[in-house]
2 protein chains.
Amino acid sequence: MLTFTEENYIKALLKLTEEVGVEAVGTNELAAHLGVKPATVTDMLKRLKEKQLVSYEKYGKVSLSVSGRSLAIDVLRKHRLWETFLCRCLGFPWHQVHEIAEQLEHIQSNELMDRLDAFLGFPQIDPHGDLIPSKDGVFQVKPKRTLSMLAATQSAVLIGVGDNSAAFLQYVDAVGLQLGSEILVKRIQPYDALIEIEINGKTSQVSQKFADQIFVDTPPQRDEISDVGLDVEGDL
Amino acid sequence: MLTFTEENYIKALLKLTEEVGVEAVGTNELAAHLGVKPATVTDMLKRLKEKQLVSYEKYGKVSLSVSGRSLAIDVLRKHRLWETFLCRCLGFPWHQVHEIAEQLEHIQSNELMDRLDAFLGFPQIDPHGDLIPSKDGVFQVKPKRTLSMLAATQSAVLIGVGDNSAAFLQYVDAVGLQLGSEILVKRIQPYDALIEIEINGKTSQVSQKFADQIFVDTPPQRDEISDVGLDVEGDL
DNA sequence: TTTTAATGTTAGATGAATCTAACTTAATTA
DNA sequence: TAATTAAGTTAGATTCATCTAACATTAAAA
């Protein structure tokens, strides 16, 4: 049985490796991500190694073991199922659910999660557009295309976000975006690289930093293939 | 902000005083109830006193302060709302919900509980028949009549239980009882005080210990007042 | 009233998770 | 290659929640 803190460490490792597509991470990076000091991380890594959750050698990089990865994915699954519950059933705005799910993800009961999963109709995507790992831990990260990769005059559909913080998500709300929204890139300022976008007729200027966190799907336009909408929740 | 453990101590204090109708409790009793050693309780009581949650003097009995009681009631409210959610929405049998709610009751978010409360339709009674405290902490314990107080030939309706452990509740299930069930006391063995009861035509023998934990409402019978059923969930 | 039993406290230890400050190793740059 | 910087570790301290073992107080019984 893992402690809350141990669960948070392996979850962070999952995020910092798999989501970025990197093999292993350093102590400092982990510390920064978790908001603790590097020394604290070193201590914890020793404990995680003893429990065979990570592979780690002194002064080297860390990566999750097979069992560590599987436990981390389970925590992530809980997190995303709870987020889905909070939005869909309790009507929370998406910028509030992450913080509460950070607590709920540590509740220990497999049966609870299975029942919640069934209650929600076995959702595949959470309120931020992230894939919910299946019960048996199948979980792979799709390569992501971001708004910042688009050229002027291109349009795309919002399928996810790379930052779940309340501050970022409220900004997303403010420009009128939600999952499934169509985004048109009107032009990119040559001078400061600000991107002018249009959503439902409303025009906004956003930064590269912002655009890096906006994941999009580019619908086939030139090929004249007929309308393929994003079905956020219905694709079993 | 209280720690999980502090919340558990004040919850235990609420239970050991109010539910039993006693002013204050001793260190040993608290320790026994929480499954820790008396020395541990002494330490914790000092901390709780510093935080003004209890009134306590060395070698004396402990009781909750006004603010301690209010916080304890809030924990109890969360516990019972979660239990209601687990039974009603996720279909958990009542003997499983207590353990999971022991974890969920410590999640910190007032908005979460308010939304859950609304989602459940502002329930007043939890799956064990206990009153759910209202948001403003109004909560009084009704004096309880138990099955063990009934005489032979009397009948009554199950309105609650005094023990939420899985072992006890499964026993209750086994004799065919659920909230609202009508119980007929057929006779009481003079020799060993076993109580013979009938529920839906099914006869069982139960002990005094068991009967002490079965809370009942005795419908007016002799007075010929017409049928008054127990409406477990609908009485706003 | 004195002894005994029950109850409660103190002191010292442990493990988890954190910190700061000092030190070591690895990587980069001149 | 040597010096500097970045990254990582160790040592020692702190807080929380717990323990055991020894001691103190209160209540009950002889």
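For Glu23(A), the CD atom sits in a loose shell: 12 or fewer heavy atoms of surrounding residues, nucleotides or ligands are nearer than 6.0 Å.
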Would you tabulate the nitrogen or oxygen pairs shorter than 3.5 Å linking the protein to nucleotides 19-23 of chain C?
| unit_1 | atom_1 | unit_2 | atom_2 | d |
| --- | --- | --- | --- | --- |
| dC19(C) | OP2 | Lys37(A) | N | 3.1 |
| dC19(C) | OP2 | Thr40(A) | OG1 | 2.4 |

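Toward the 5′ end of DNA chain D lies the nearest nucleotide of Glu57(A), the other residue of the pair Lys51(B) and Glu57(A) mapping further downstream.
Between the Ser70(B) side chain and the Val66(B) main chain, no donor and acceptor come within less than 3.5 Å of each other. Judged purely by atom type and a 3.5 angstrom limit, Glu6(A) uses its side chain to pair as donor or acceptor with the backbone of Thr3(A).
Thr42(A) comes within contact range of at least one nucleobase, with a heavy-atom separation under 4.0 Å. At a threshold of 4.0 angstrom between heavy atoms, the contacts of Phe4(A) with the nucleic acid are absent.
Separating the CD atom of Glu29(B) from the P atom of dA6(C) is a distance of 16 Å, rounded to the nearest angstrom. Look at CE on Met44(A): it is 9 Å from P on dA16(C), rounded to the nearest Å. Per the geometry, NZ belonging to Lys61(A) stands 11 Å off C1' belonging to dA26(C), to the nearest Å. Here the P atom of nucleotide dT10(C) and the OH atom of Tyr59(B) are 6 Å apart, to the nearest Å. Taking atom NZ of residue Lys58(B) and atom C1' of nucleotide dT25(D), one finds them 10 Å apart after rounding to whole Å. One can place CG of Asn28(B) at 15 Å from P of dT26(D), the figure rounded to the nearest angstrom. Between the P atom of dT18(C) and the CG atom of Leu30(A) lies a distance of 12 Å, rounded to the nearest Å. The CD-P distance, from Glu50(A) to dG15(C), rounds to 12 Å in whole Å.
Remark: Arg145(A) fails to qualify as a cation-pi partner of Phe215(A) under the 6.0 Å distance and 45° angle criteria applied to the six-membered ring.
Contact annotation: Thr27(B) side-chain N/O to dT9(C) OP1/OP2 distance is under 4.0 Å. Residue Tyr56(A) has no polar side-chain atom (N or O) positioned under 4.0 Å from OP1 or OP2 of dG8(D).
Between dT18(D), dG8(C), dA16(C), one nucleotide has an atom nearer to the side chain of Thr3(A) than all others, and that is dA16(C).
Contact check for Lys11(B) versus Glu105(B): side-chain heavy atoms found under the 4.5 Å cut-off.
Scanning for side chain to side chain contact (heavy atoms under 4.5 Å, CB included) contacts around Phe4(A) gives His106(A), Phe4(B), with sequence neighbours left out.
Of the residues Leu2(A), Ile73(A), Leu76(A), the one that meets the side-chain contact (heavy atoms from CB on, under 4.5 Å) test with Ile10(A) is Leu2(A).
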